[in-house]
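Read the structure below first, then the notes.
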Amino acid sequence: MLSDPAAKYRPFPPIDLPDRQWPSRIIERAPIWMSTDLRDGNQALFEPMNVEKKLRLFKLLCEIGFKEIEVAFPSASQIEFDFVRCLIEGGHIPDGVTIEVLTQAREHLIRRTFEAVKGAKRVIVHVYNATSPAFREFVFGMDKAGVIEMAVKAVRLIKELAAEQPDTEFVLQYSPETFSATELSFAKAVCDAVTAEWGATPERKVILNLPATVEMATPNVYADQIEWMHRHLERRNGVILSLHPHNDRGTAVAAAELGLMAGAERVEGCLFGNGERTGNVDLVTLAMNLYTQGIAPGLDFSDINAVARTYEACTQLPIHPRHPYVGDLVFTAFSGSHQDAIKKGFAAQRPDSFWAVPYLPVDPADLGRSYDSVIRVNSQSGKGGIAWLLETGYGIVLPRRLQIEFSSVVQRETDASGGGEMTAAELYDLFRRTYLDSERPLRYVEHHLYEHGKAQGIRLVVEVEGVMHLLTGEGNGPVDAALHALRGLGLDLQVRSFEERALAPSGEAAEAAACAFVELSRHGGGERFGVGIDTNIVTASVKAIVSGVNRLGIAAARAAA
């Protein structure tokens, strides 16, 4: 039994704001976006990203459209410091993108931070110190004046160090950490002291970031706090008011939306809600929520699958299949009544009318998702257990997205046969014909690997409609080399995901030791899985690529390239 909450937890007091304005406002434009994936998100990983992964994710964030990116806590570790130097010295920061670096309000950490950013064109220096009563009493052992002095002293040092690097434009960001647990009058006093020390003006604005370091109350309380600060801060026209909601109560997105209604202009968060504890506000969900209300978010998620796969590869964190907008199952209907409504909605939807398909709050095509898996079958509709039957009967463990793709194939087959039940043997036969049948326009014959310096090379023999072709390619491994070799046929393909698994010794596949699954995409649109089974994993991988090309359609893939 849970303990008596009334005896253990104190309710958060309401904010005295009887004339609050935010409830009657709507969001009319996108905020300034700031990604903390490379800093706050990275600190929350089991295994923090190395420089290579951080650089890959940084480039993705730039491609999405982020103009402000918090890239590191340079004084925290050598890797963090080195990554900042890599961005600057390697020329990886695009014009119009500003990097942000975080530091505590401590002299040696601030000095180390400035060493890291030498040579950058524009930098946001983000300094913070905690301000809540618990931190003042238990952590710092300071009174309010001491906490204000800590912040002001740090800002004074930042001004001095910024003056020593005149070729770099420095922007100050200050966060009263634990703002959501701080008395509003004191939070204002600290922030006013910071903007006064910096000399904030409309031409030289300070970013005041007001974090819900821990969510303390319902989202409306956070909105009240933001509106109170928005209305009472000194030098408000010299301030950019920023939000940094965490998700301890599971309401970070709502808190951010209400905070924007309350007067904030900027939001910090992570892709898919990554971050410490329960995470930061999910910028993908927040941006897509705006999009579905007719507001251009200024961030490009038109190929959400590519964003998701890169994120997963860099962070080693899986995206939940029910995650808003991006989860593998969010546009999938198993229920018969849902399927019927969606079918009728698609039939009634007109290209020149507002989107109004039942159960689908956004057009999947706007996110680069196909309609193929929207209507699916499962055990409740009498045609389920697909993945379970293949695994238990034939040792084939399908990746989740391949389960979705193959389900649509099964549905078309059962619909064509009048909706009868499909046995395990019939299911495997359909799987074999769909993914493993060698009688296709492109047929694998053989391959030979070779080493070329640090690269892996391949000589690949394939048959295209009866004509043999010898292709060569080099890459960072057999799969990459095979893709380069296929360019000799005019095929320019990308791998979205790749998995290899040992097969359980059962069924018709008992003699095979390995199975490879590759998700290919072609320029101009289109994604399909290919599957290869062989006793040799490299051969299985090459066969999977050939399978994927056939499923994309070799003629279509050539035309797209």
Side-chain angles (χ1 to χ4, degrees), residues 10 12-13 15-16 39-40 43 70 73-76 100-115 124-164 170-200 204-217 221-222 225-226 228-236 238-246 248 268 276:
R10 184 187 318 166
F12 198 90
I15 306 300
D16 183 19
R39 196 278 302 170
D40 201 341
Q43 289 179 195
E70 191 171 63
F73 197 143
S75 62
E100 177 171 314
V101 287
L102 181 72
T103 178
Q104 291 176 324
R106 300 169 65 185
E107 180 175 350
H108 70 287
L109 301 182
I110 293 172
R111 291 187 182 277
R112 179 67 169 165
T113 300
F114 271 81
E115 290 175 15
I124 299 171
V125 177
H126 180 186
V127 64
Y128 73 95
N129 64 302
T131 55
S132 63
F135 271 81
R136 297 195 308 260
E137 180 178 352
F138 305 138
V139 180
F140 299 144
M142 290 183 176
D143 58 13
K144 291 180 178 180
V147 172
I148 292 176
E149 177 58 25
M150 181 192 301
V152 171
K153 186 177 179 181
V155 172
R156 189 176 301 128
L157 178 59
I158 290 171
K159 283 174 61 178
E160 294 171 2
L161 296 177
E164 295 174 3
F170 286 99
V171 177
L172 175 68
Q173 175 170 326
Y174 173 71
S175 289
E177 191 192 9
T178 63
F179 162 77
S180 53
T182 301
E183 312 95 313
L184 285 175
S185 59
F186 183 59
K188 166 182 154 53
V190 179
C191 290
D192 286 346
V194 164
T195 57
E197 178 63 35
W198 184 258
R204 193 167 182 255
K205 291 187 176 183
V206 171
I207 300 170
L208 289 181
N209 189 54
L210 305 179
T213 307
V214 175
E215 278 198 303
M216 305 297 292
V221 173
Y222 185 60
Q225 292 174 319
I226 298 302
W228 191 96
M229 293 290 284
H230 167 61
R231 292 164 61 174
H232 291 87
L233 281 171
E234 296 177 7
R235 289 168 288 279
R236 180 63 183 89
V239 166
I240 296 172
L241 203 57
S242 178
L243 308 174
H244 186 114
H246 277 259
D248 303 271
E268 299 189 348
E276 296 186 85

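The first residue in the sequence is number 1, and the count goes up from there.
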Close side-chain approach of [X] and [Y], heavy atoms under 4.5 Å:
X	Y	answer
V239	C191	no
F186	V147	yes
S175	H244	no
D192	R235	yes
N209	Y128	no

Nearest-0.5 Å distance, [atom1] of residue [X] to [atom2] of residue [Y]:
X	Y	atom1	atom2	result
L208	K188	CG	NZ	11.0 Å
H246	E215	NE2	CD	9.5 Å
R236	T195	CZ	OG1	11.0 Å
Q104	M150	CD	CE	9.5 Å
R112	I110	CZ	CD1	14.5 Å
I124	L102	CD1	CG	12.0 Å

Open item on the list: Donor-acceptor pair, distance only, cut-off 3.5 Å: does the side chain of T103 make one with the backbone of T113?
Closed with: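 Checking the backbone N and O of T113 against the side chain of T103, no donor-acceptor pair under 3.5 Å is found.
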- [ ] Check for a donor-acceptor pair, side chain of Q225 on one end and backbone N or O of S180 on the other, with a separation under 3.5 Å.
- [x]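 Yes, Q225 side chain to S180 backbone: donor-acceptor pair under 3.5 Å.
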So which atom in [X] and which in [Y] form the shortest heavy-atom distance, rounded to 0.1 Å?
X	Y	value
P133	T182	CD-CA, 4.4 Å
L184	W228	O-CZ3, 3.6 Å
Y222	P245	CE2-CG, 4.3 Å

- [ ] Sequence neighbours left out, what passes side-chain contact (heavy atoms from CB on, under 4.5 Å) with A151? Give chain and number order.
- [x]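 Applying side-chain contact (heavy atoms from CB on, under 4.5 Å) to A151 gives N129, Y174, V190, V194.
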TODO: Just jot down the salt bridge (charged side-chain N to carboxylate O under 4.0 Å, His left out) partners of K153, sequence neighbours excluded, or say none.
DONE: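 Residues passing salt bridge (charged side-chain N to carboxylate O under 4.0 Å, His left out) with K153: none at all.
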Open item on the list: If the condition is ring pair (Phe, Tyr, Trp, His ring centres under 6.0 Å), which residues does F170 pass it with, not counting sequence neighbours?
Closed with: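 Here the qualifying residues are F114.
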Task: Between E268 and Q173: side-chain donor-acceptor atoms closer than 3.5 Å - done: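 Short answer, yes.
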TODO: Compute the centroid of each ring, for H230 and then for H232, and state whether the two points are separated by less than 6.0 Å.
DONE: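 No, ring centres 6.0 Å or more apart.
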Open item on the list: Please determine whether side-chain contact (heavy atoms from CB on, under 4.5 Å) holds for the pair L241 and L233, giving the CA-CA distance in whole Å, both sets of side-chain angles, and the decisive distance to 0.1 Å.
Closed with: CA-CA 10 Å; L241 203 57; L233 281 171; 3.9 Å; yes
Task: Sidechain N-carboxylate O distance under 4.0 Å for E107, R111 - done: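 Salt bridge between E107 and R111, a charged N being under 4.0 Å from a carboxylate O: yes.
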- [ ] In sequence, state the C-alpha distance, the side-chain angles, and the governing distance for V214 and T178, and then conclude on side-chain contact (heavy atoms from CB on, under 4.5 Å).
- [x] CA-CA 7 Å; V214 175; T178 63; over 6 Å; no
